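The structure appears right after this line, and notes come after that.
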Number of protein chains: 2
Amino acid sequence: MSKATEITVWESVQLEFIQKWRELGTAWGIPPAMAAIHGLLLSQADPVVTDEVMSILSLSRGSAHTQLQALVEWGLVYPVKSLGTRQMRYVAEKDAWQMMSCIARQRKKQELDPLLALEAWKGVRSENAVDLDAVRALDKTLDGILTQARAVDGVFERVLSEDERWWEQWLIRGLRRN
Amino acid sequence: MSKATEITVWESVQLEFIQKWRELGTAWGIPPAMAAIHGLLLSQADPVVTDEVMSILSLSRGSAHTQLQALVEWGLVYPVKSLGTRQMRYVAEKDAWQMMSCIARQRKKQELDPLLALEAWKGVRSENAVDLDAVRALDKTLDGILTQARAVDGVFERVLSEDERWWEQWLIRGLRRN
DNA sequence: ACATAGTTTCAATTTAAAATGAAAGTACTG
DNA sequence: CAGTACTTTCATTTTAAATTGAAACTATGT
């Protein structure tokens, strides 16, 4: 197999992967461009420059920039300052556990925290001393939800705060039992 | 406090809750109408009819119908056939643990299963005996991700399959430790 | 089997999210 | 302190998702 053929084979595998990753991203509620860039960087060993992202994925500069920023923000991608040029390069975190932590952290922030914020809303009523059957029933339902949310939050906090990966073993053990 | 005042107070609390729930839904990637209907049913003790949903939330019949179906599909809402009329009524599951299971199940289906499906894609290459450094590197990254995904999947399966709530206690214990 | 009350579907529209691209901003380089 | 090389921003456009509403459909009672 010639060098040129190798490149073609690899590129087709890579583009296929990026496509899969983009579709996956959609299912996860992640903007297509962001998922595609992440797919590109995940499948690429060495750092990549904005213009490469743009040309490989046919994205505008604005979109490439914004989504790269978001990926860095999430901690899924590291910006690397290359010496001699002020051009920024980007590499993806390849470690699966690390990746998952970033995503979990993000989701906690976006989904769990707003739910926990309902606590405050419920609190407003005890001040105003609203006392009706229907309101009490709603508050009871809400209590159940909040208790559960706090429990899940506790697990997230614990799992995400440890530098240790004690839970990695725990998860894998859980898997075996099935 | 007169009966009429009570109703007004309750209604304003309820509408406020529905609004909060709709916003929360948005953060969770749930269509606003679906979240609003769920909020209405969650805060309503007794079954509700499609036309009530429509008028209280100012939704079209089509939307109300489709989203109610989706909620039933998810298991978050039960359809109740009332005797004497063929009109369908709907009640929400109020138990927090039950609710969470439904949502978790849905997410597993939408997010985790597609990820696990990458296994098959990776398999294609061993058949075609593609052997390049770059491909091998990608497959290694992918292996890490898949291992992790399988572990998470195992936990989901286990938690969701038990009728027992052994993990309820476990979660709450986890919370206390923080 | 006709009328009525309710349900379901779906092409067309609306609304919200994401992408574009050009202009403005910033930092390095001689 | 230009001049260039790259980055950032943001008003506009595009695209995708959700909603509408009216027509088709189905079950039920007389």
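Every value quoted in this text rests on a predicted model; they were computed, and no experiment measured them. Here is the naming used below: chain letters follow the sequence lines, and residue numbers restart at 1 for every chain. Note that these values count all heavy atoms, side chains included, but never hydrogens, waters or copies made by symmetry.
Summarising the geometry of B/M99 relative to A/I145, their closest heavy-atom pair is SD-CD1, 4.1 Å, with the distance given to 0.1 Å. When every heavy atom of A/L146 is checked against every heavy atom of A/L115, the shortest pair comes out as CD2-O, 3.6 Å. Contact record, A/E111 with B/W28: O-NE1, 3.1 Å, taken as the closest heavy-atom pair.
One hydrophobic cluster, built from ILVMFWY side chains closer than 4.5 Å, cannot hold both A/V124 and B/L24; they sit in different ones.
Cluster note: B/V91 groups with B/V80 through ILVMFWY side-chain heavy atoms spaced under 4.5 Å, whether in direct contact or through intervening members.
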Steps toward side chain to side chain donor-acceptor pair (under 3.5 Å) verdict (B/Q19, B/E23)
CA-CA 6 Å; B/Q19 180 50 22; B/E23 284 163 15; 2.9 Å; yes

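Once rounded to the nearest 0.5 Å, the distance linking CZ of A/R125 with CG of A/D139 reads 4.0 Å. Atoms OG and CG, from B/S63 and B/L68 in turn, are 9.0 Å apart once rounded to the nearest 0.5 Å.
Mapping A/S58 and B/D51 onto DNA chain C by nearest heavy atom places B/D51 closer to the 5' end of the strand.
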Interface polar pairs with nucleotides 1-3 of chain C, N/O, under 3.5 angstrom:
none

List, with names and distances, any nitrogen or oxygen atoms from the protein found under 3.5 Å away from nitrogen or oxygen atoms belonging to nucleotides 21-27 of chain D.
residue	atom	partner	partner atom	Å
D/dT26	O2	B/R86	NH2	3.0

Using a 3.5 Å cut-off and no angle test, enumerate the donor-acceptor pairs between side-chain atoms of residues 29-55 of chain A and protein atoms at least two apart in sequence or in another chain.
residue	atom	partner	partner atom	Å
A/H38	ND1	A/W21	NE1	3.0
A/S43	OG	A/Q14	NE2	3.0
A/S43	OG	A/G39	O	3.0
A/S43	OG	A/L40	O	3.0
A/Q44	OE1	A/Q14	NE2	2.8
A/D51	OD2	A/R61	NH2	3.1
A/E52	OE1	A/V49	N	2.9
A/S55	OG	A/E52	O	3.4

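Shown for residues 15-37 of chain A: residues whose heavy atoms fall under 4.0 angstrom of DNA chain C, namely A/P31, A/P32, A/A33.
Evaluation of the side chain to side chain donor-acceptor pair (under 3.5 Å) rule for A/E93 yields A/Y78 as partners, not counting sequence neighbours.
Taking only side-chain nitrogens and oxygens, B/H65 never comes nearer than 4.0 Å to OP1 or OP2 of C/dT7.
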